[in-house]
Amino acid sequence: MTKKVRVRFAPSPTGGLHLGGVRTVLYNYLFARKHGGDFILRIEDTDQSRYVQGAEEYIFECLKWCGIEPDESVLHGGEFAPYRQSERKAIYNEYAEKLVKDGFAYYAFDTTEELEEMRAKFKTHDNPTPQYNHEIRERMRNSLTLGEEEVHRLMSAGSPYVVRIKMPMNEEIKFTDMIRGEVNFHSSLVDDKVLLKADGMPTYHLAVVVDDHLMKISHAFRGEEWLPSAPVHILLWKYLFGLENMPEWAHLPLILKPDGNGKLSKRDGDRLGFPVFAMDWTDPKTGEKATGFKERGFLPGAFVNMLAMLGWNDGTEQEIFTLDELCEKFSLERVHKSGAKFDYEKAKWFNHEWIKRNTKYDLRSTVYEILSQRGIEINDNDKLEKVIELVKDRCTLLTDFYDQAKFFFSTPETVDVDSIKGKWNDDKTAFFKEWISSLDSLEWKATSLEAKFKELAAAKNIKVGELMLPLRIMLVGGKFGPGVFDIAEIIGTEETKQRVEKALRSL
RNA sequence: GGCCCGUUCGUCUAUCGGCUAGGACAUCUCCCUUUCACGGAGGAAAGACGGGUUCGAUUCCCGUACGGGCUACCA
């Protein structure tokens, strides 16, 4: 019997969608699909100051590109709407009030300055960041210390206040994480986290718990950085909805910087020269640009494949998986506990494998787009397919198709004649003249062209080896590309003749 | 500092007490290719340390070290 699951995707719309974010969403998606569950995309935008316009649309586009398509209607309706936490503001207040009434939370009137003062005052070498905890709260301005009348007076006078959770003095808080097993905390070591901010918005802590309950989430996935605040969420579940209704938690390992240590951030991408976002992203506030894997030339399948393997494997030696295969084989039991350093070389390897495994038909439209974006006109689909077939094994990124394929469609602008000039002589000129004049009567196939080429060389007593490189230079402009005769076959008789003649003139 | 999590080749990882520790990326050598790649063959390369438990520990337990995360009216 399969359990009905409902997981949530909760990317925060504070700009961009980085590797860690996509992977969390991906694992959510794989799990939901495998277990036949629903998924919800919830926008966690409770921090108004960091919220960025257009971020939601961007996230949808990224997910769509990856092949993970959440139902777009979730933003506009459906069973649990609204899905933007900023639009659910009124809901959270009710729960915060309930917590206060039941004695699990309290009002705190301390100003930012007062908090800073407190931190400065209690700061010691052994305790560099004093917490607003069971000890400190006795000395602060809150509904625990102030007395009912004063609280009432402050509130009716419109004094700003927050709601803080009242962490119990002496309680073991334990829960089972699907990846890590049992995790324990002691309540005395956790501080009285703010649940409802002065602007009436909930913090993440209150919002996840309330929304997970209201949206009937059965399994909650998030990054490992959330582990330390899990006891707050556990307690909230206990106070509000009952531990027996709490979703199962899975704290995913972090994606780390390739060099040094620490979490991978968007700055690392700029610094080390690789993308960390799924797609290009420009922060509308700062104008800061970040490049995406898509624009760098990654196939979505390769991107998803690479990301999935960064923290999971199926126990066999298989490394290449399609999204469907991942859905089928994914299991949380095999998700790793420890973080993984991101390796861009390996990421490129995945892409290369995917390009090689894709057919010319799979690649056709993507390559067409890349070439035309860079000013190459293509009006012969048949030719494009032939070129892709010939060239795809040497492309690691989709953008490599430009360098590998451009000379099939337009005469090379620069021809590196210098590298053959040294050993040039009239015999060679004569040879090439004769070869191109023989072309018209030939069957236009790579094998015939090569046969004729060799036959003529032998007749003129010139080593074939001394003629191959010149021919390549004449046709493609440099020392690269697939077999020369294959190239000639594709570009055709006229173009072959013209390129040879053009080169001969400058020799 | 405190709390929590983690620790197998340079990197990503396999191993669920029997290991001559396997694979992949990167690297090196050779082969193939009258270019550059692809491809093929091979090499070098790992269990943080110290204690237990056990006939036997990379695997289980405990310490230590190291790494990471958190420690906001950010998520």
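Quick note on labels: first sequence line is chain A, next is B, and so on, each numbered from 1.
Shown for residues 455-463 of chain A: no residue has heavy atoms falling under 4.0 angstrom of RNA chain B.
In this structure, the side chains of A:I355 and A:T396 stay at 4.5 Å or more apart for every pair of heavy atoms.
A:D259 comes within contact range of no nucleotide atom at all, as no heavy-atom separation falls under 4.0 Å. Counting any heavy atom pair closer than 4.0 Å across all strands shown, A:A198 reaches a base atom. Nucleic acid contact class of A:G223 (heavy atoms, under 4.0 Å, all strands): none. As judged by a 4.0 angstrom heavy-atom cut-off over every strand, A:F350 is placed among residues making no nucleic acid contact. Here A:P160 lies out of heavy-atom contact (under 4.0 Å) with every strand.
Atom name P, nucleotides B:G42 and B:A57: the rounded distance is 33 Å, in whole Å. On the C1' atoms, B:G67 is 15 Å away from B:U8, given to the nearest whole Å. Rounded to a whole angstrom, the distance from the C1' atom of B:G17 to that of B:U53 is 12 Å. Nucleotides B:C31 and B:C12 are separated by 34 Å at their P atoms, to the nearest Å. Atom C1' of B:G43 sits at a distance of 28 Å from the matching atom of B:U35, rounded to the whole Å.
Classified by interplanar angle (parallel below 30°, tilted 30° to 60°, perpendicular above 60°), the ring pair A:F175/A:H251 is perpendicular.
Judged by atom type and distance alone, A:K346 reaches the base of B:A24 through a side-chain donor-acceptor pair under 3.5 Å.
Taking atom CG of A:L471 as the reference point, atom P of B:U34 lies 14 Å away to the nearest angstrom.
When Watson-Crick and G-U wobble pairs are counted only if both distances are under 3.5 Å, B:A57 pairs with no nucleotide at all. Both distances falling under 3.5 Å, in either a Watson-Crick or a G-U wobble arrangement, place B:G67 opposite B:C5. Across all strands shown, B:G10 pairs with B:C25; the Watson-Crick or G-U wobble distances both stay below 3.5 Å. Both distances falling under 3.5 Å, in either a Watson-Crick or a G-U wobble arrangement, place B:C30 opposite B:G40.
If you check the side chains of A:D192 and A:H134, you find no donor sitting under 3.5 Å from an acceptor. In this structure, a donor-acceptor pair under 3.5 Å is absent between the side chains of A:T124 and A:D126. A donor-acceptor contact under 3.5 angstrom links the side chains of A:N313 and A:H336, judged on distance only. There is no side-chain donor-acceptor pair under 3.5 Å between A:Y161 and A:N142. For the 3.5 Å distance criterion, the side chains of A:Q48 and A:D199 fail to qualify, holding no donor opposite an acceptor.
Contact annotation: A:K197 does not reach the phosphate of B:A72 (side-chain N/O to OP1 or OP2, under 4.0 Å). Distances shown here put every side-chain N or O of A:N313 at or beyond 4.0 Å from the OP1 or OP2 atom of B:C12. For A:T46, no side-chain nitrogen or oxygen approaches OP1 or OP2 of B:C74 to under 4.0 Å. A close approach under 4.0 Å does not occur between any side-chain nitrogen or oxygen of A:H352 and OP1 or OP2 of B:C25.
Both the sub-6.0 Å distance and the 45° axial angle are satisfied by A:K346 relative to the ring of A:W349.
Two residues, A:G315 and A:R394, neighbour RNA chain B, and the one matched to the more 5' nucleotide by heavy-atom proximity is A:G315. If you find the closest nucleotide of RNA chain B to A:L310 and to A:D45, the one lying nearer the 5' end belongs to A:L310.
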Do nucleotides 61-71 of chain B as a string where each nucleotide becomes B, S or -: B if the base has a protein heavy atom under 4.0 Å, S if just the sugar-phosphate does, - if no protein is that close. ------SSBSB

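Comparing B:C73, B:C38, B:C25 by their closest approach to the side chain of A:D393 singles out B:C38. Of the candidates B:G22, B:U35, B:A24, B:U35 carries the atom nearest the A:R472 side chain, counting heavy atoms from C-beta on. Of all nucleotides listed (B:C4, B:G1, B:C74), B:G1 comes nearest to the side chain of A:D126.
Between the CZ atom in A:F401 and the NZ atom in A:K392 there is a gap of 7.5 Å [rounded to 0.5 Å].
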Taking it one step at a time, do A:V391 and A:D400 satisfy side-chain contact (heavy atoms from CB on, under 4.5 Å)? CA-CA 10 Å; A:V391 126; A:D400 293 341; over 6 Å; no

Show which side-chain atoms of residues 16-23 of chain A pair as donor or acceptor with protein atoms under 3.5 Å away, not counting sequence neighbours.
{"residue": "A:H18", "atom": "ND1", "partner": "A:G20", "partner atom": "N", "Å": "3.1"}
{"residue": "A:R23", "atom": "NH1", "partner": "A:L310", "partner atom": "O", "Å": "2.4"}
{"residue": "A:R23", "atom": "NH2", "partner": "A:P253", "partner atom": "O", "Å": "2.2"}

